[in-house]
K.L.:
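Sending over a structure as structure tokens; questions will come in a sec.
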Protein chains: 2
Amino acid sequence: MRIGELAAATGVSVRALRYYEEQKLLSPTRSPSGQRHYSDASVARVLQIQQLYAAGLSSKTILRFLPYMESNEVTTEVLHRLRAERERIDKQISALLETRDRLDRTIANAVEIEEQGGVCPHWP
Amino acid sequence: MRIGELAAATGVSVRALRYYEEQKLLSPTRSPSGQRHYSDASVARVLQIQQLYAAGLSSKTILRFLPYMESNEVTTEVLHRLRAERERIDKQISALLETRDRLDRTIANAVEIEEQGGVCPHWP
DNA sequence: GTAAAACCTGACATTGACGTCAGAGGCAAG
DNA sequence: CTTGCCTCTGACGTCAATGTCAGGTTTTAC
């Protein structure tokens with residue numbers, strides 16, 4: 001499949017796909033004329049890349065881990081990094097949970113006030 | 001307290017504190033000579049700002065919410081935005097949980113292989 | 001065969017949250 | 001008074017993940 005099709009299939013821009021290649025996250029084959037050609041498996045790979053980006057991993061980090069999330073060969077070195085990254089994500093989750101709770105309390109508080117007729121924000 | 005002290009107290013750089021002021025997140029008073037002067041309450045405020053940044057909120061979003069997380073006056077308008085942001089954070093948490101699970105499976109898999117003597121990554 | 005659509009490379013532009021540097025002024029200690 | 005540290009403003013630099021544009025080639029559709 002060509003780059004435009006892959007873009008359509010994944011919802012990722014053509015520019016982004018070329019960027020992923022630049023970052024070595026993708027290695028499409030080339031037609032004689034130089035056009036990129038992707039396998040069907042690329043769709044899943046791109047989606048996974050997107051998910052990792054969404055989790056806050058950088059392209060460098062993704063590059064280090066992606067091969068090991070697809071195959072099974074893991075050095076203890078990489079295992080360490082995987083665990084470190086897991087910890088980082090864990091902390092981020094905790095921080096987000098705390099922030100969410102804080103938002104929840106703010107919202108609950110606001111609703112309560114609203115129900116009481118509450119503090120008018122447009123007070124004279 | 002002066003800017004350097006606040007920086008030391010919060011672990012945030014002096015540059016960042018000036019940036020926060022630029023974004024209207026802080027409004028220190030000024031000494032006659034123009035030096036910034038912060039109240040003790042600024043410490044907590046800066047820490048909260050940091051937490052919201054860490055949760056992925058932009059300075060604009062923080063600016064909208066911060067007053068309402070400290071006082072109690074909330075318009076239905078802002079309430080809507082609070083809920084929207086809560087939803088966004090919720091989705092981000094889900095994505096992170098999924099990624100963490102994925103990492104966990106990868107790690108577990110790797111450990112299993114390792115215990116079996118497994119695939120040697122430095123194979124001749 | 002020709003035009004439209006898709007593709008190529010290369011390069012500069014953007015956004016956010018700062019870092020960093022220059023040049024100048026402010027302030028407590030000896 | 002001067003030394004040294006802190007602070008000021010202003011401005012340019014950075015980094016990551018793209019967007020966008022220019023100028024040219026290739027593929028597809030009629």
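Letters go in sequence order (proteins before strands), and every chain restarts at 1.
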K.L.:
Would one find a side-chain N or O of Arg2(B) under 4.0 angstrom from OP1 or OP2 of dC6(D)?
P.N.:
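So the side-chain polar atoms of Arg2(B) never come under 4.0 Å of the phosphate oxygens OP1 or OP2 of dC6(D).
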K.L.:
Would you say a side-chain N or O of Ser59(B) is under 4.0 Å from OP1 or OP2 of dA17(C)?
P.N.:
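Yes, Ser59(B) has a side-chain N/O under 4.0 Å of OP1/OP2 on dA17(C).
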K.L.:
Against Ser59(B), only a single residue in Arg64(B), Lys24(B), Gln23(B) fulfils side chain to side chain donor-acceptor pair (under 3.5 Å); can you say which?
P.N.:
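By the side chain to side chain donor-acceptor pair (under 3.5 Å) criterion, Ser59(B) pairs with just one of Arg64(B), Lys24(B), Gln23(B): Gln23(B).
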K.L.:
Could you tell me how far apart Leu17(B) (CG) and dC6(D) (C1') are, to the nearest whole angstrom?
P.N.:
14 Å
K.L.:
So does Asp90(B) pair up with Arg86(B), basic N to acidic O under 4.0 Å?
P.N.:
yes
K.L.:
In whole Å, what is the span from the CG atom of Leu63(A) to the C1' atom of dA16(D)?
P.N.:
15 Å
K.L.:
Please report the distance, rounded to the nearest Å, between CD in Glu22(B) and C1' in dG10(D).
P.N.:
11 Å
K.L.:
Report yes if a side-chain nitrogen or oxygen of Ser33(A) is closer than 4.0 Å to either non-bridging phosphate oxygen (OP1 or OP2) of dC7(C); otherwise report no.
P.N.:
no
K.L.:
Is the phosphate of dT26(D), meaning OP1 or OP2, less than 4.0 Å from a side-chain N or O of Arg36(A)?
P.N.:
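Result: no.
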K.L.:
Is it the case that the side chain of His37(A) and the backbone of Met1(A) share a donor-acceptor pair, with hydrogens and angles ignored and the cut-off at 3.5 Å?
P.N.:
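A pair under 3.5 Å: yes.
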K.L.:
In whole angstrom, give the distance that lies between atom CG of Leu57(B) and atom C1' of dG16(C).
P.N.:
14 Å
K.L.:
Output the rounded distance in Å from CZ (Arg18(B)) to P (dC6(D)).
P.N.:
13 Å
K.L.:
Could you tell me whether Arg88(A) and Glu85(A) make a salt bridge, using a distance below 4.0 angstrom between a side-chain N and a carboxylate O?
P.N.:
yes
K.L.:
Within the structure provided, determine whether Leu52(B) and Gln48(B) are in side-chain contact (heavy-atom separation under 4.5 Å).
P.N.:
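The answer is yes, as the side chains (C-beta and beyond) meet within the 4.5 Å cut-off.
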K.L.:
Judged by each residue's nearest nucleotide on DNA chain D, which is more toward the 5′ side, Ser31(A) or Tyr19(A)?
P.N.:
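Its nearest nucleotide lies further toward 5', so the answer is Tyr19(A).
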K.L.:
dT18(D) P sits how many Å from Glu21(A) CD, rounded?
P.N.:
15 Å
K.L.:
Return whichever of Val14(B) or Gly4(A) has its heavy-atom-nearest nucleotide of DNA chain C closer to the 5' end.
P.N.:
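Closer to the 5' end of DNA chain C: Gly4(A).
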K.L.:
Please tell me which of Tyr20(A) and Gln35(A) maps to the more 5' nucleotide of DNA chain D, matching each residue to the nucleotide holding its nearest heavy atom.
P.N.:
Tyr20(A)
K.L.:
Looking at dG26(C), I'd like to know if its phosphate oxygens (OP1 or OP2) sit under 4.0 Å from a side-chain N or O belonging to Arg30(B).
P.N.:
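Answer is no, no contact under 4.0 Å.
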K.L.:
Could you give the CG-to-P distance, from Leu25(A) to dT18(D), as a whole number of Å?
P.N.:
10 Å
K.L.:
Rounded to whole angstrom units, what separation is found between the CZ atom of Arg15(A) and the P atom of dT9(C)?
P.N.:
11 Å
